[in-house]
> 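One structure, as structure tokens, below. Some questions next.
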Amino acid sequence: MSRQILRVNVSENQIDYEEVHEEYAALGGRGLTSQIVYDEVEPTCNPLGPHNKLVFAPGIVTGTVAPTSGRISVGAKSPLTGGIKEANAGTDFAQRLAKLGIKAIIVEGGPVKSGYKALKLDNNGAELVDAEKWSGRGLYDVYEEIEEEIGEEVGIAGVGIAAELSGSNSGIAFNDMEGMPSRYAGRGGLGAVMATRGLKFVFVDDEGAPGVEIEDRETFDRGRKKLADALTSHDVTKPGGALNSYGTGVLVNIINEAGGFPNRNFSRGSDDRASKVSGEMKAEEIEERKGQRPHRCSPGCVIGCSETWTKEDGEDPMGVIEYESVWALGPNCEIYDLDTIGELNRQCNDMGMDTIEAGNTIAVAMEGGVAEFGDEEAALGMMDEIREGTPLGRILVNGTEFTGNAFGVTRIPTVKGQAMPAYDPRAIKGIGTTYATTPMGADHTAGYAIATEIMGVGGDLDPLSPEKAELSRNLQYSTAVIDTTGHCLFTAFAVLDIPEGLEGMVEEVNGVLGADLTVDDIPDIGESIIDLEKEFNKKAGFTKEDDRLPEFMREEELPPHNDVFDVPDEVLDKVLS
Amino acid sequence: MEQGDPPLEIERYENQLPVVGETGQEKLADSSAAVVGLGGLGSPAATYLAAAGVGQLVIIDGDSVDKSNLNRQILYRPEDVGAKKADVAKARLSSFNPSIEVSAIGERVTKGEVQLPETDLIVGAVDNFETRHLLNEIAVARGIPYVHGAVEGLNGVLTVVLPGQTPCLNCILPRNVDRKVAGHTTGGVTGVIGGLMANEGIKFLSQAGDVAAGYLLTCDLGHLEFDRIHLERNPNCEVCGNLF
Amino acid sequence: MEIKVKFFASFRDKAGVPVTRTSARNVQELFNEVLEDYEGLRGHILTDSSSDFPLKKGVTVMVNGRNIRFLDGFSTELDDGDVVAIFPPVGGG
């Protein structure tokens, strides 16, 4: 059975299966969501208005036995940035959808503010069912009810209260292996795009599904083996390696030592208290509480960077607390308590919000005088304001820039309206170069220069040196390709260092598509995806002046290195030109 | 066989050739196996794999020989107490069968300290479940068999994980289940289970006979009762669920 | 003169302590002293090579937040109050 595209118009109760056009056949993941958004969405449209569309697409090899490939991309015009957006998550939802033979779901129509529906997919077809009873409620309870109602072996995508409020900080929550809403395509407000189309959930049951067709099994198997060997050998990705043992939180100490760990709304690059929320500390606590570590976001992941965090008594599992979340909801707000951070993260998951955006929002609100830095109760209180939809809550749910502007703050750490992740660009300039230039808004995963600047993967470059155009460009192009294959970005740690691993990844793709790509094609494919995204943004009104970091980062020195972001504008302009 | 390899010593294997066949014997010579853990189970497992002519043996253990090992860890002698197990075992196995290549790694595998070389098979002869899970995960990712064995008192178990065909260790004993065993046993028990583990490896590599796939062989050596417990895979197993 | 040496992630387990102190005058001296005290760490930090930068791949050594690769390598000088941080290969984000 060849793969199909599912087009859903919720407000008109219309579902169509379409053949995949030829020009989409070799695409998946980000390559496909960006292409469809480019082809079908008017760049100047209001992101929450009737002309926006939301696209789900599993990666090219997702749903096969390729290791660490359970990723799904979600794309649309972003209400947060006003530009094109792709966010991806690791979840068995992705694998189930791919196995059903669905290459993409395009959600259109609306806008609506009530009468939410759920799209139910299985091997017999698709239908829209009423989802109103789950509206206005926390997702932890709701996901549990859904599992009880329609079965445990079903993938779930959903949006929460934040999306129902049309918040620009609203993500799409996918189920983890325990069925909890903890795997997020979080960034860019895609949840609000989904909710305004009238869609609250997607349920995917893959029982009896045909599986992903593989054109050339021999090539695929050869590639799979090469990639698996690379992943099981590299110190960062192997079972028992850094990510498997400590999770992404292992970065807290090293980024703090490197002076690039933003504390108190990007005003200091290190703080001794950071050790209280380190990955080592978290791993110890998890062991003591009998949570889970290592843990996987989806079956067949070799790396296993995930975990299950619980309350102090070992109850109320909530899923993973990523490095970025620990930082955003913690030290960036001068909060150095893992339990408080865990509760804030739980609130974000429960209401369907991106943790990076939420933490930055709380920090700028604190800077704006809404509360004192470090006031844990006040931070939790802000979550209640959102849940109750109070006027303050309605400001906060729209993210960092909106909130900063509302309270007269000038230190607003955003690019293209999207808040920065957990690396200060003044101390680690390659990642700053990526923040500035990616079409996504400040996004570390768009070109993860940290790998080279801090970890020495794929080369060694001094984080304080501003010569990072080439590094950022190469990483952005290769990342766009990885996001298209359906492999997790963390496979890059292995394939950047082990050439056979990268070859293997290309061979897997060739095997599935019956294609003839080589490693040398990767930069061109990546470039073509990013060119398309840039073109969309240009048509939406973006200029090169949008590829800049906020003023304060060029002027305020960041302790301890007391440096500013000094990558010249001309250098930023040539990164993706 | 690649050119330049020494010819098979026919006499050494003359009682085994009728069982594994000439092709099987060549396959063994061309094969590689990792034996992780060189204690009670690893001693017989590595010894029999070496004796059978498995061409490349990788042996891994971070411990040193202790007096209390000598009741069952037949690779070591009293004069070895205090020496690294990996070093002693390498010397002994090499002299035992000079036609094979033995490489030794004297470190623990837990927490990813060891780069496990690529082999055709992993034999998990370790004393803790954390490491067993790690080895299972590597084997599943690489698509190679994992021979699982464990002993406690007068009891032992054995199964072979064939990724994508049988349940994996995580299907049957999820990681989050707390399991600690004391490791009190006799050399006879580790000898039986370790010998079975080697034999499963020999069978798989030479393609002579069906391995213990899809069931757990339970060996009650107190009452000499052996049983097979059918194993079901967990369709949502986070380690191997995507292989089915 | 006192230099603070911090171990992270799996190095902390291997050293058995999170922090130690030394009066070494440069990184080479620091390794000579510290690896003598924490012998279990040696094979994880240094290679056997005789190069002038025998650091294992993926291992990061920072002096006051700067990677020694971008300072003077093993000759990087140390002063009273300096903080040296030693990390195994890490990844994430």
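So that the names make sense, note that chain A is the first sequence line, chain B the second, and so on, each numbered from 1.
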> Would you mind checking if C:Arg25 and C:Glu77 are paired as a salt bridge, meaning a charged N to carboxylate O distance below 4.0 Å?
no
> Crowded around C:Arg42 CZ? As in, over 12 foreign heavy atoms under 6.0 Å?
yes
> Go through the atoms of A:His561 and report whether side chain, backbone, both or neither lie under 4.5 Å from a heavy atom of chain C.
side chain
> Let me know if A:Asp497 has heavy atoms under 4.5 Å from chain C in its side chain, its backbone, both or neither.
side chain
> Please look at A:Ala451 and chain C and tell me whether the side chain, the backbone, both or neither of the residue comes under 4.5 angstrom of a heavy atom of that chain.
neither
> Chain C heavy atoms under 4.5 Å from A:Ile254: which part of the residue, side chain, backbone, both or neither?
both
> Would you mind checking which part of C:Phe87 comes under 4.5 Å of any heavy atom in chain A, side chain (CB onward), backbone (N, CA, C, O), both or neither?
side chain
> Among A:Val457, A:Leu489, A:Leu464, A:Ile450, which residue forms the greatest number of heavy-atom pairs with chain C at distances under 4.5 Å?
A:Leu464
> Do other residues, nucleotides or ligands put more than 12 heavy atoms under 6.0 Å from the CG atom of A:Asp272?
no
> Considering only heavy atoms, which portion of C:Val83 lies under 4.5 Å from any heavy atom of chain A: side chain, backbone, both, or neither?
side chain
> Name the region of A:Leu461, side chain, backbone, both or neither, that has any atom closer than 4.5 Å to a heavy atom of chain C.
backbone
> Using side chain to side chain contact (heavy atoms under 4.5 Å, CB included), reason through C:Val5 and C:Leu30 one step at a time and then give a plain yes or no.
CA-CA 9 Å; C:Val5 185; C:Leu30 178 140; 3.7 Å; yes
> Without swapping roles, check the side chain of A:Tyr246 against the backbone of C:Ser10 for a donor-acceptor pair under 3.5 Å.
yes
> Please answer whether the main-chain N or O of A:His487 pairs with a side-chain N or O of A:Thr491 as donor and acceptor at a distance below 3.5 Å.
no
